[in-house]
Amino acid sequence: ASPPPKYQFIGIAPQDERYYKSSEVIKCKDGSKKFSKAQLNDDFCDCPDGTDEPGTSACPNGKFYCQNAGHVPQQLFSSRVNDGICDCCDGSDEYDGKVKCPNTCWEAGKVFRDKLKRKIATYQEGVSIRKQEVEQAKLAMAKDEAELSKLQHEEKILKGLVQQLKERKEQIDKAEEKERLRKEKEEKEKKEAENEAKQERSEAVEKADGEDELTESKYDDKIGLLQDSTSDQDVVEDQDRLAAEDEPSDTFQYEDSMVHHAEQHTAKETVESAAISDAELDVGSKATSDDFMDSGKDASENTEALSREELGRLVASRWTGENTGKETGDSDAEKNNNHEDHEEMTKGTHDEEYDGYASETDDDHQRYDDDSVEDEADEDFVEEHHDDSDSPYKPESDTELDLSDMTTPSNPSWLEKIQQTVWNMLQAVNLFQTPVNQSEAAVVRKEYDESSTKLSKIQARISTLTRKLKQDFGPDREFYSFYDQCFESKQNKYVYKVCPYKQASQVEGHSTTRLGQWDKFEDSYKVMIFANGDRCWNGPDRSLKVKLRCGLKNEVTDVDEPSRCEYIALLSTPVLCLEGKLKELEHKLDLMNMEQPRNHDEL
Amino acid sequence: WKKDEFRNCNQTPFCKRARNRNPGFCTLEAHDVSISAGELTAKLSPKKSHQDNPDQQDEDQVKPLILSLSVFQDGIVRLKIDEDPKLDPPKKRFEVPEVILPEFLNKKIWLQRHSTETIGGDNSPSSIVYVADGYEAVLRHDPFEVYVREKGGNRVVSLNSHGLFDFEQLRVKKEGDDWEERFKGHTDTRPYGPQSISFDVSFYGSDFVYGIPEHASSLALKPTKGPGVEESEPYRLFNLDVFEYIHDSPFGLYGSIPFMISHGKYRGTSGFFWLNAAEMQIDVLGSGWNADSGISLPSSQSRIDTLWMSEAGIVDAFFFVGPKPKDVVRQYTTVTGTPAMPQLFAAGYHQCRWNYRDEEDVENVDSKFDEHDIPYDVLWLDIEHTDGKKYFTWDPVLFPHPEEMQRKLAAKGRHMVTIVDPHIKRDESFHLHKEATQKGYYVKDASGNDYDGWCWPGSSSYPDMLNEEIRSWWADKFSFGNYVGSTPSLYIWNDMNEPSVFNGPEVTMPRDALHEGGVEHRELHNAYGYYFHMASTEGLLKRGDGKDRPFVLSRALFAGSQRHGAIWTGDNTADWDHLRVSVPMILTLGLTGISFAGADVGGFFGNPEPGLWVRWYQLGAFYPFFRGHAHQDTKRREPWLFGERNTELVRDAIHMRYMLLPYFYTLFREANVSGVPVIRPLWMEFPSDEATFSNDEAFMVGSSLLVQGVYTERAKHVSVYLPGKESWYDLRTGEVFKGGKTHKLEVSEESVPAFQRAGTIIPRKDRFRRSSTQMTNDPYTLVIALNSTQEAEGELYVDDGKSFEFAKGAYIHRRFTFSDGLLTSISIPPTSPGKARFSSECIIERIILIGYSVKPKTALIEPSNQKVEIELGPLLVKPRGGSAVTTVRKPNIPIAGDWTIKIL
């Protein structure tokens, strides 16, 4: 039984009509077979690819075309044909008489067209905004590149100077040591106990001078440890507050740490005790929410001591991972979480502080935290600088370092000045004079300190810029401005913060959850991926996918968590308003408009 | 898995005592043997000479027990032993109600007489009664023993042959008696003292024993005691909610069916069922376990001995004589009922997750199935859809329009399932709680107050489902009026019904909690979930005025659960071991009546890597119950989330299920009629092929398909044993493989190995739709795999897929036979008389002949006298659809009619 002639060509797309109508024997599109015209839409699948049954459900791989005059045409899976459900707005997919599908294309099409028009309007405006942005990105990038190459040049020279100063400083040290030994020998010979004591005191002063750096770095270590392992609730909150701030003040956290340091002068002890209490916390949290796979003696051993309610919550928490009602359990689990936050945060804020200080652009390179020596240098630099700020020898202001030279190229640069100064100095200091002229020696030391500080700064800035310029900003560098921006969206009690190339977080009051660190673009720059966020209990690390849409402003419009700890956000931005897409939309509208009148008449 | 949280046998006094007894312990003898009320009755008392035995000093323990032995049609013997009600026991011991079918009792053979005989070297006589053609039941008086034997000859199944029988009689507490048991801070008051029962059961001519679910263990039960057995627990039957259960363990899971099947090459198959709902422990004793007992059984047959121990209840045991595997299953389901006939939609694919979060999520998931052209029938909502874990309610923020949501699904022929658990939130504003409290419907604690346990909603109480009135009250809650927001396309899922009590002993209800009539929870524990399941099913039945087949999935189960709905294997884990163990678990459930069973596809806990996930779909498509499910902490894993290739593979797997839906539905009907499960161990179809006896990595789907799972990561090869003399045809390629040997096959990414047995005809529907609902009118394909004599046969069952009209005869049941080049379709006469009729306009669009030796060109259809073409076509209608096979093109004959097709 072949189909009624009325339906012989049903489901065929206009562009395929010639293919089917031109001859009596038709090829399957995959070339596997041939079929006669009588077999076209005869409700029996002859071509494995479905070529012979565009209008029936016989081939699982068939596609049914409905014209949907007044709306947009549609290609349906053949499984929808005569299945009793109206899919095409023109109702053409249901023709076996079992259901009657009204033609709704005109109404639906009108709604669709209006939407399309609005979309086109947005695109038109968006495309021009995008053009401007691309231009601006070019400029900004050129500027950054210029700065970078300038700094690289300066670094090279300064490195040489610092080396020279260092050598000279060491020579002075040596000479002084020699002098000191000589004096010591003399005084020893005198064997006067009082004098000896006096002598030693002055030695101690000198020694402390020399070991300054060492002590500082020790402090750093201790502070690091302290921060890593501290479980003090206040500190945790401070850290959270810090992280929640846009531009954390650099002194704040540092002072915070220093306070700790000051309070606990015997830092080592404190660190140890903190570590112990931390270990205890770990045990506690294990027993309540972590790791129930452990067949050990943890929770079950304690269950007898629990109240009925506590036990109920405890067992329930295995499936849910939620905190148990047991109060200690609650706070333990939370502390544990915060603790993790805190650890990472510490690193992050260090860098942010630095960036806030060292440059006017709010750079953030915490992504590189772990990987480079440079970072250690950065941190050293922060500490050193901090000390400096308390000392009378404050170096020239940073603005000078960063930009003044570039903006006023006619003046002799600071570099030249330094070069000159150093040269003069090196000439002046007479090493062979004994004893070494104390004031000259001090000048060398100071100059050395200042120059190496400056060098560190330059190096830090170089690495910041290098990192930035290494990023993938898209084919037109259209995402260049994203580097220094964060986008926020408030959803119920949460504020979501998306900082491209950096990180994304969810803030609730004082607590911040990291949804992910910048990973990459996907889907040809239509999706941003943030990965490896804070850990979910028994689940994946949090992650965020940001889908980009054309819009006139940079705006996070929606955040969702479709799967536990896997977030999705929508970001509308002119960057996505592509000209090609606009043309496509306009073409689509044209097509619809072309078909419109005829279809309306049919209705 | 928290091993320490659960009692082992040594921490369970009755188990420890029973397990340490030596053969010959029992001193009972049968006396006063007579026939009364059509049964053989007797009394059991300790022998006089043993009454000084210090163990037996307690006078409570020497009261005679009452024994009765009755016989039922089709080779079933029932043995009951209880305390004598005339001797004033402290209370009536619990007999499990509502499990035995009322109709079964009508099948009793009214015994008129017994004969007496002294057998072998016995010192005492035995009383013998007729069982069935060729079978007799024997009561040996002293030492007391009961067995079934082939007439005058070989034994089949026996009880107390090793004298391990013990029956602790109830006591009245006296000064100084301390029977309390403590475990993990919980105290069990045990007001009636120890009341356990234990005995040995022997299966003769047995190579392996099977059954007694639910355990994550092999199909053939491994010995748990005896020489060469390392320290092992007995198989435990105690319904528990076990967090992250491990595979390959005798540990008891969510359900209990105290039914064991024995199978051996020579004697065949037999079975033993102990209707008892208290905690049970069963040892399978390894050969030689009793080497120094001095007891030798009068049989040279290979034999498997087992030890059965229960904490309470009575002896109510059934012996099934077999002798074929399907006979035993039929005999067992004669007692406990055959599986309910599911609606067609329930045989499709189910999509579940803890949790589909809100209406938008539901809509999104639903539309993604369409976007990827993947069929599915049911979308499930877990506990989070409720308002504060109060069942029968909806979260007002997440699910503000439940009816509209269901209607949208229903418009595509899809259904929804919501969860309803037995724990009722103790919240004064919750009407259900208020009502249950007022009516006194909750289970009581040992001191008589409403038992208050902890579960999802926090403080919760549990309706006493043992009580018929309460079950009926519960059932009413499912009416559309009571369950606000429910619509006719909504069905139910019962979880946590072991019952799971987070703060109870072993995560369940205390054993001394009290049910209706003073029944202690210990006595019915294993059946609590069964009654709950039963009440929920009753609710859906009532809701649809008895016209709509209910669908209720339950986690807890007991003997007879097959009558109430589907079962799944609970909270498994996304690893290869759990994929592997799902097969013996589902096969075991099938052997013990529960045909409609499945495991969570993909694994509940954890994140399956894509390879595992795909293999699980490929295997799960052959589970009788086919549902993807996942824990809330896992990554999303709907079928389109693992990349294009994996989406395609999973689509193919799901398509395979839908293609075979007519075959599956026919098998569901077979199970509904005969109890024979949808998926079967190979030995059920090849009972004399020893190579199949312990094979639990492959299984039969019906009698025509064999499926072998792939259980290792990136497997390149897989060994498949294809039993029997006939050939097998690869389901996808049509490639032929010889039977009776193991084939080492290259593993295909596209499917797990699956084969059609030569000599069978499988009905298919090759058109894919959004759901089974739209397939109703689609045409059929018949795949005829010819055997060595160029013959084949198969069946097709069709009904309306929804109602109970089939029970009145409204169905089509065809038998297709092919021989001498002639395919014949005849109607299988209805099994039950009824005048209702079902009609179908469906036609057969394609007939495929595999293994046909000639190359025909045309076929002649009679009686219409119509010629149709024969051509070479694909085995599967899809790109790369396999080798060209002989295809009768468009015969377009009605599925409902009688016709023949002659291949010319």
Side-chain angles (χ1 to χ4, degrees), chain A residues 1 30 32 42-50 56-61 77-80 82-85 87 96 98 292-297 299-301 303-321 325 536-540 560-566, chain B residues 1-5 184-186 243-244 354 357 361 364 370 373 375 411-413 452-456 458-460 501-504 507 571 605-607 631-637 641 655 766-770 773-779 845-846 873-874 877-881 889-890 892:
Chain A
D30 66 3
S32 61
D42 72 342
D43 205 21
F44 185 85
C45 189
D46 293 295
C47 299
D49 69 351
T56 76
S57 61
C59 290
N61 284 283
F77 292 116
S78 61
S79 62
R80 315 292 199 256
N82 287 328
D83 69 346
I85 300 166
D87 289 287
D96 67 356
K98 292 209 167 67
F292 276 87
M293 297 286 277
D294 266 8
S295 62
K297 49 192 172 159
S300 50
E301 221 175 43
T303 53
E304 290 184 40
L306 300 178
S307 76
R308 287 274 182 258
E309 185 175 329
E310 284 163 355
L311 180 62
R313 285 185 195 278
L314 169 69
V315 175
S317 74
R318 291 175 191 167
W319 280 269
T320 61
C536 267
W537 181 85
N538 206 12
D560 196 10
E561 187 187 355
S563 181
R564 200 162 143 103
C565 300
E566 293 182 343
Chain B
W1 187 45
K2 289 261 166 231
K3 188 179 174 184
D4 292 350
E5 209 157 83
K184 291 266 144 200
H186 297 277
F243 180 75
E244 292 183 338
W354 177 21
R357 204 183 28 179
D361 198 2
N364 198 21
D370 292 343
D373 205 19
K412 293 185 193 165
D452 180 351
W454 195 273
C455 206
W456 294 128
S459 179
S460 306
V501 182
F502 291 152
N503 59 353
V507 201
D571 298 348
F605 289 115
N607 295 305
H631 186 279
Q632 64 171 350
D633 288 339
T634 60
K635 286 166 81 73
R636 283 279 179 139
R637 51 167 110 128
L641 290 177
H655 274 171
D766 290 352
R767 302 191 181 193
F768 305 125
R769 300 295 194 174
R770 264 175 275 228
T773 312
Q774 294 93 31
M775 293 168 69
T776 309
N777 299 312
D778 283 341
E845 65 169 336
R846 179 186 294 109
V877 187
K878 58 175 270 194
R880 307 176 301 278
R889 190 179 189 278
K890 293 182 77 177
N892 291 6

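Throughout, a chain's letter reflects where its sequence line sits, starting with A, and its residues are numbered from 1. In this text the structure is predicted, and so the values were computed from the model without any measurement.
Of all heavy-atom pairs spanning B:T634 and B:H631, the tightest one is OG1-O, 2.6 Å. Considering all non-hydrogen atoms of both residues, A:D42 and B:K890 come closest at O-NZ, 2.8 Å. Taking all atoms of both residues into account, the shortest heavy-atom contact from B:R637 to B:G606 is NH2-O, 2.6 Å.
Highest contact tally toward chain A, considering only B:E845, B:R770, B:Q774, B:K635, is held by B:R770 [criterion: heavy-atom pairs under 4.5 Å].
If you measure heavy-atom distances from B:R357 to chain A, the contacts under 4.5 Å come from the side chain alone. Only the backbone of A:S78 comes within less than 4.5 Å of a heavy atom in chain B; its side chain stays farther off. Proximity to chain B involves both the backbone and the side chain of A:C45, based on heavy atoms less than 4.5 angstrom apart. For A:D83, the parts sitting under 4.5 Å from any heavy atom of chain B are the backbone and the side chain alike. Using a 4.5 Å cut-off between heavy atoms, A:D96 makes no contact with chain B at all. Heavy atoms of B:D452 lying under 4.5 Å from chain A are absent altogether.
Side-chain contact of A:S79 with B:D373: a donor-acceptor pair under 3.5 Å is present, judged by distance alone.
Side chains of B:D370 and B:K412 form a contact here, defined as non-hydrogen atoms less than 4.5 Å apart.
Summarising the geometry, atom CZ belonging to A:R80 is positioned 6.0 Å from atom CG belonging to A:D87; distances are rounded to the nearest 0.5 Å.
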